[in-house]
Amino acid sequence: GAFPPLRVGPTSCNRRCRARPGEAREEPMGAANGCCVKRQDEDQPFLTKASRCESWHSIPDAEEQWAFFEELMSEKGDNEQAPEAASGSDVSRKRATWYRLRANSRPLALVPEEALADSRAGKPPPPTTTLNKEDEQYQPMVSDLVRTVQEAWTDKRSMPGALDSDLERLLAEGFPELEEWTTQEVCLRMLRAVQGDQETAASMLIKAIECRVRDRQLYATMVCEVTCDIRVIGRDKCDRPTVYMCARSQKRPLKEMTPQIILAFEAAVKLSQGHGNGQVALIADMHKFSTALNMDPYGLKDLAGSFGTVFADRFNSILIVDFSFLAQSIWSMMKPLISERTSKKINFVAMKEARDICQATFTGPTCERILSAFDINRDRGTTEEEREDHARRTAICDVPLGVVRPTDVAG
């Protein structure tokens, strides 16, 4: 069967450990970064390590002593009231609905341990404001790009029939995405992605804003149905969050899997702020790839559209492992949809080379998790439940795989 639907909550992932013969079954909690932790009391301000069962698929405890915390919501929280909610008008009710959705948006419940080292208050360090040479070259284009995008959306909203009913309804509730996605940082990222082509950058940004509006609830709630094992598995040596997925875990067609893919990268991007220059790495393990589940040209186009706009210039590296002959047809459809800049970052490798690259690219705890993922997904004797447990146990945050118990805390 497929992964069960899970609602993602503000806590960590969980695993069920096997017990050795004659021992009681343990229920360790939250296993990010290669170790398990157990909370003895919700009111206690500290966490202690739980013992780990020595099953073949357990990841050895890392030498580092990890600290864990939950990222707090903004102080605004419940104290704010939805504007004009009591006026009774349709527009007011729509805006109140949108406002509540935005107000209830939560940060990732689990923040990697590196952020705690930077700030004991649990807040990640602020992103750098210094422009590199490439951004300095494109910075004079930003104001024109912003104006072009804003005018394009003004025209769209004023022109009858330019927007479909779903988009019109969402925009009637509010349009914060326009301001959020026309900042200097976003505009420079779009310009970098297309080497300064303003016209293409404007088209990409308009499309990215549309994608964010259509998926507003997905991005705000960070909730989806779990259909595969894609997750943020750790960081590379340059602090870039790394997303891992194995094709063996896919149980649904690509279109149904897309929300989880989007949330995995959204989580990685959130974790990259202030770390790793805002970029992420991807390891796509193509072992047991199913052509039948992915031969959907419309699904591929939609997914590529999001990655080419919302996540433009977010990828530092893409490692594709054991790319089979059957997957060639999918690549032939995807390649025209991928920018030249991104295509140069893709590396197709066999399993042996992938292991060598991981050992050179990732620190001990993350490398252990990735290598153990390679192993368990190639072991014919493992059950689907064991692979699901392993995926949750090796995720460093609660999005998108979700949680099992509300008392779990990890980083």
Polar contact flag, side-chain donor to acceptor under 3.5 angstrom, E353-N347
no
Do R231 and R392 touch side chain to side chain, with heavy atoms closer than 4.5 Å?
no
Contact summary for P259 and C224, nearest pair of heavy atoms
CB-CB, 4.3 Å
Can you list every pair that meets ring-ring contact (aromatic ring centres under 6.0 Å, His included) and has a residue in residues 335-363, with sequence neighbours left out?
F323-F348, W331-F348
State, with a plain yes or no, whether a side-chain heavy atom of K156 is found less than 4.5 Å away from one of L167.
no
Looking only at side chains, do R387 and S249 share a donor and an acceptor under 3.5 Å apart?
no
Is E225 paired with R252 through a side-chain N to carboxylate O contact shorter than 4.0 Å?
yes
Considering only heavy atoms from C-beta outward, does the side chain of Q260 approach that of L401 to under 4.5 Å?
yes
Carboxylate-amine/guanidinium proximity below 4.0 Å for R192 and D313:
yes
When you compare the side chains of T366 and R369, does any donor N or O come within less than 3.5 Å of an acceptor on the partner?
yes
With side chains defined as the heavy atoms from C-beta onward, is the minimum distance between Q359 and L371 less than 4.5 Å?
yes
CG on D166 to CG on L171, rounded to 0.5 Å
11.0 Å
What is the minimum heavy-atom distance between L319 and C358, and which atoms define it?
CD2-SG, 4.4 Å
Measuring from atom CD1 of I283 to atom OG of S317, what distance do you get when rounded to the nearest 0.5 angstrom?
7.5 Å
Checking W153 against V213 for the side chain to side chain contact (heavy atoms under 4.5 Å, CB included) test, could you report, in this order, the C-alpha distance in whole Å, the side-chain angles of both residues, the deciding distance, and whether it holds?
CA-CA 12 Å; W153 275 105; V213 173; 5.6 Å; no
Taking only residues two or more places apart in sequence, or in another chain, which ones meet S306 in a side chain to side chain contact (heavy atoms under 4.5 Å, CB included)?
C211, I262
Could you pull out the closest heavy-atom pair between V243 and A268, with the gap in Å?
CG2-CB, 3.7 Å
Which heavy atom of V280 sits nearest a heavy atom of V269, and at what distance?
CG1-N, 4.1 Å
Is it the case that over 12 heavy atoms from other parts of the model lie below 6.0 angstrom from the NZ atom of K301?
no
So T363 and R235, do their side chains get closer than 4.5 Å, heavy atoms only?
no
Taking R341 for the side chain and V194 for the main chain, is one N or O donor matched with an acceptor at less than 3.5 Å?
no
Option passing side-chain hydrogen bond (donor to acceptor under 3.5 Å, both in side chains) with Q250 (candidates N294, T227, D229)
N294
Between the side chains of D379 and R248, is the shortest nitrogen-to-carboxylate-oxygen separation below 4.0 Å, so that they form an ion pair?
no
To the nearest 0.5 angstrom, please state how far the CG atom of L191 sits from the OG1 atom of T200.
10.0 Å
Atom pair CG (D197) and OH (Y138), whose distance is rounded to the nearest 0.5 Å:
10.0 Å
Contact summary for T394 and S372, nearest pair of heavy atoms:
CG2-OG, 4.4 Å
State, to 0.1 Å, how close M190 and A208 come at their nearest heavy-atom pair, and which atoms those are.
CE-CB, 4.1 Å
CD1 (I209) and OG1 (T309) are apart, to the nearest 0.5 Å, by 10.0 Å
Could you grab the distance from atom CD of Q139 to atom SG of C187, nearest 0.5 Å is fine?
10.5 Å
What's the verdict on side chain to side chain contact (heavy atoms under 4.5 Å, CB included) for N316 and N277, showing C-alpha distance, side-chain angles and the deciding distance?
CA-CA 9 Å; N316 175 266; N277 199 29; over 6 Å; no
Should we count NZ of K345 as having more than 12 external heavy atoms under 6.0 Å?
yes
Report yes if the side chains of R212 and W181 come closer than 4.5 Å at any heavy-atom pair, otherwise no.
yes
Side-chain touch I261/F307, heavy atoms, less than 4.5 angstrom:
yes
Mind checking what makes side chain to side chain contact (heavy atoms under 4.5 Å, CB included) contact with D322, not counting sequence neighbours?
A350, M351, R378
Between K344 and E340, does at least one N-O distance fall below 4.0 Å, as a salt bridge requires?
yes
Can you check side chain to side chain contact (heavy atoms under 4.5 Å, CB included) on Q184 and L131, steps first, answer last?
CA-CA 11 Å; Q184 175 174 280; L131 300 181; 4.0 Å; yes
pair Q217-L170: side-chain heavy atoms closer than 4.5 Å
no
Dump the intermediate steps for side chain to side chain contact (heavy atoms under 4.5 Å, CB included) on D302 and T258, then the final yes or no.
CA-CA 9 Å; D302 288 344; T258 298; 5.9 Å; no
